[in-house]
Amino acid sequence: MKDSALTTKLNAALVSRDERKIRRRLPDPNTSSSNSTLIDFNSNDYLSLSTSELLRKRFLKKLNDAPDILGSGGSRLLVNGRAHSALEERLANFFGSETALLFNSGFDANVGFFSCIPQSGDVVVYDEYIHASVHDGIRASRSRDAQYSFLHNSIPSLRQVLTKLRHERPGLVSGTNSLFIAVESLYSMDGTFAPLSEIVDLLEMTFPNGNGYLVVDEAHATGIYGPQGRGRVAQLGLETKVLARLHTFGKALAATGAVILTSTLIRDYLLNYARSLIYTTSLSFSNIVAADCSFDLLVDGTAQQLAADLLDVSSYFVNYIQPRLASIPPTLLSLPAHLAENSTDVPPSPIIPIMTSQPRPLSAYLLALGMNARPITWPTVPKGKDRVRVCLHAGNTRADVEKLAQGAIRWAEEIMADQRMGRTPPESRGQTGDVVFLQSKL
Ligand SMILES: Cc1ncc(COP(=O)(O)O)c(C=O)c1O
């Protein structure tokens with residue numbers, strides 16, 4: 001590209017990101033693909049289905065038998081594939097929802113929903129850790145000037161926000177306006193669960209006229225929690241208490257695409273106004289077949305066994321590393337409070353952040369030992385909450401997670417020894433490693 005005002009400005013922005021150590025780069029494909037020799041503590045392939053022989057065979061057979069297998073040929077509004085409609089019907093039945101509507105991705109689904117459903121005068125309230133796609137949807141909506149966040153998973157903070165809004169906005173009291181709460185059932189960076197039942201109770205108490213609505217993003221819970229992997233909403237029996245649920249196919253289901261489960265009216269409205277649905281070619285037939293095959297594994301119980309293995313290895317890892325952290329300063333290595341508490345109220349989570357003030361060196365050290373666990377820093381997570389995020393998988397063994405814990409502890413002990421001796425840590429302690437940015441509002 002020739003030098004110009006544009007190239008100068010673009011370069012300056014990238015250099016500034018470099019200087020602030022927040023420049024995004026694609027990771028090395030050799031370290032991140034599912035057939036890499038590294039132990040995967042990074043991908044969202046929670047059930048290890050992306051390497052499942054059973055799923056691969058089923059997919060190839062179904063694909064071979066399918067009447068349509070290549071491109072869908074256009075937007076759903078122009079070409080409504082039979083396979084697409086059939087999958088929606090199947091998913092509405094499976095999840096116990098009035099209707100289902102496919103989107104090309106979870107990102108598109110959130111943008112589509114939040115950009116058009118809230119009407120003029122309505123308000124959107126969201127957990128401070130909500131995914132970037134919800135932010136983008138709200139920004140494009142009529143509620144862009146009426147959006148409020150509450151502290152992560154804090155019922156007192158949510159109560160405060162709702163109470164204040166009722167005082168300030170008579171339309172919310174009279175019921176002429178609506179309020180939407182956006183949460184994730186399992187948060188991708190922290191592995192924390194939204195207190196869904198408490199949120200529903202609070203919403204019903206604060207908005208007895210029924211003009212308060214809950215929207216739950218189940219991207220990270222799909223396939224893992226609830227009966228047959230139907231998610232946390234189903235696990236807690238809240239299906240009739242939420243306005244819409246989002247399930248994505250790209251994480252535990254090893255496919256691509258997403259579905260919004262909601263009412264007939266909302267579905268019709270989305271078909272008319274959700275631009276991320278209307279103005280895009282719908283999923284290819286092979287995408288639909290792939291997702292359909294993954295749901296076969298949810299229905300026949302295969303995924304439930306994998307989910308049990310996943311949660312077992314997740315608990316094992318936390319229990320294994322926890323006592324070994326006792327002699328290490330928490331700034332160097334610690335588990336977040338919700339894991340340190342050892343609460344029995346919530347199920348285990350496969351997302352386990354290892355808090356550290358030095359996420360890049362730790363990640364690089366683990367990489368040198370054959371393990372892929374990525375550093376996450378500001379602006380993806382708040383300042384001071386840097387971490388190496390561990391994502392576990394059904395295919396991870398107890399030996400894998402013991403190796404991970406031992407590697408992290410050894411790294412911390414070597415740093416402590418360096419500090420005692422007044423030494424600068426050598427390269428082998430890891431000075432590099434890219435940072436991942438997934439939720440950034442920047
Ligand atoms: C909570 C959450 N919602 C939505 C999405 C987007 O889903 P998809 O990857 O299908 O676009 C993601 C993916 O990163 C996510 O973590």
Side-chain angles (χ1 to χ4, degrees), residues 24 26-27 32 34 42-47 49-50 87 91 100-115 124 126-140 149 152-153 180-194 196 214-225 231-233 242 244-262 270 274-277 280-284 287-288 290-291 294-295 349-353 374 376 379-381 387 389-392 435-442:
R24 294 176 169 101
L26 290 177
S32 44
S34 55
N42 172 46
S43 78
N44 295 143
D45 180 26
Y46 299 115
L47 298 178
L49 286 181
S50 72
L87 181 59
L91 297 185
L101 183 60
L102 293 174
F103 280 80
N104 289 359
S105 69
F107 195 98
D108 284 359
N110 272 334
V111 169
F113 184 94
F114 285 98
S115 63
V124 184
Y126 55 85
D127 186 288
E128 62 176 331
Y129 289 179
I130 201 75
H131 192 259
S133 50
V134 173
H135 286 288
D136 284 15
I138 300 170
R139 260 184 217 153
S149 67
H152 178 55
N153 275 351
F180 300 85
I181 297 180
V183 296
E184 293 174 31
S185 54
L186 174 61
Y187 285 87
S188 58
M189 292 298 138
D190 291 72
T192 39
F193 294 94
L196 294 177
L214 179 61
V215 181
V216 183
D217 181 337
E218 297 251 36
H220 292 270
T222 306
I224 304 173
Y225 299 97
R232 285 284 288 165
V233 170
V242 300
R245 283 176 272 170
L246 168 69
H247 287 276
T248 63
F249 310 155
K251 301 182 192 300
L253 302 190
T256 192
V259 66
I260 287 190
L261 306 167
T262 189
L270 290 169
R275 296 167 70 84
S276 58
L277 174 82
T280 187
T281 301
S282 68
L283 291 169
S284 73
N287 288 151
I288 298 292
S294 296
F295 279 100
S349 157
I351 302 167
I352 300 160
R374 306 299 306 281
I376 315 258
T380 298
V381 291
R387 69 204 55 190
R389 182 184 58 161
V390 170
C391 281
L392 295 180
V435 182
V436 223
F437 300 94
L438 297 170
Q439 281 176 302
S440 165
K441 290 171 220 168
L442 296 186

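Remember, it's a predicted structure, so these values are computed and weren't measured experimentally. Counting starts at 1 for both ligands and their atoms, in listed order.
Of the candidates S188, G106, G257, S133, it is G106 that places a heavy atom closest to atom 10 (O) of ligand 1. Nearest to atom 5 (C) of ligand 1 by heavy atom, out of H131, E184, E218, is H131. Distances from atom 13 (C) of ligand 1 to the heavy atoms of H220, M189, K251 show the closest one on K251.
Just one of R232, R245, E218 meets the side-chain hydrogen bond (donor to acceptor under 3.5 Å, both in side chains) condition when paired with S185; it is E218.
Taking a cut-off of under 4.0 Å to the non-hydrogen atoms of S105, the atoms of ligand 1 that pass are 10 (O), 11 (O). For ligand 1, the atoms lying closer than 4.0 Å to a non-hydrogen atom of A219 are 1 (C), 2 (C), 3 (N), 15 (C). Listed by number with element, the atoms of ligand 1 under 4.0 angstrom from any heavy atom of T248 are 7 (O), 10 (O).
Classified by interplanar angle (parallel below 30°, tilted 30° to 60°, perpendicular above 60°), the ring pair Y129/H152 is parallel.
Residue contacts with ligand 1: L246 is placed with no nitrogen or oxygen under 3.5 Å of a nitrogen or oxygen of the ligand (distance criterion only).
Taking the six-membered ring for Trp and the full ring otherwise, the centers of F249 and F295 sit less than 6.0 Å from each other.
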Exercise for review: Check the pair S149 / E128 against side-chain hydrogen bond (donor to acceptor under 3.5 Å, both in side chains), numbers first and verdict last.
Suggested key: CA-CA 5 Å; S149 67; E128 62 176 331; over 6 Å; no
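Looking at A258 against ligand 1, nothing comes within 4.0 Å, counting heavy atoms.
Side chains of S276 and D108: a donor-acceptor N/O pair is absent below 3.5 angstrom, by distance only.
A salt bridge links R387 to D190: at least one charged side-chain nitrogen sits closer than 4.0 Å to a carboxylate oxygen.
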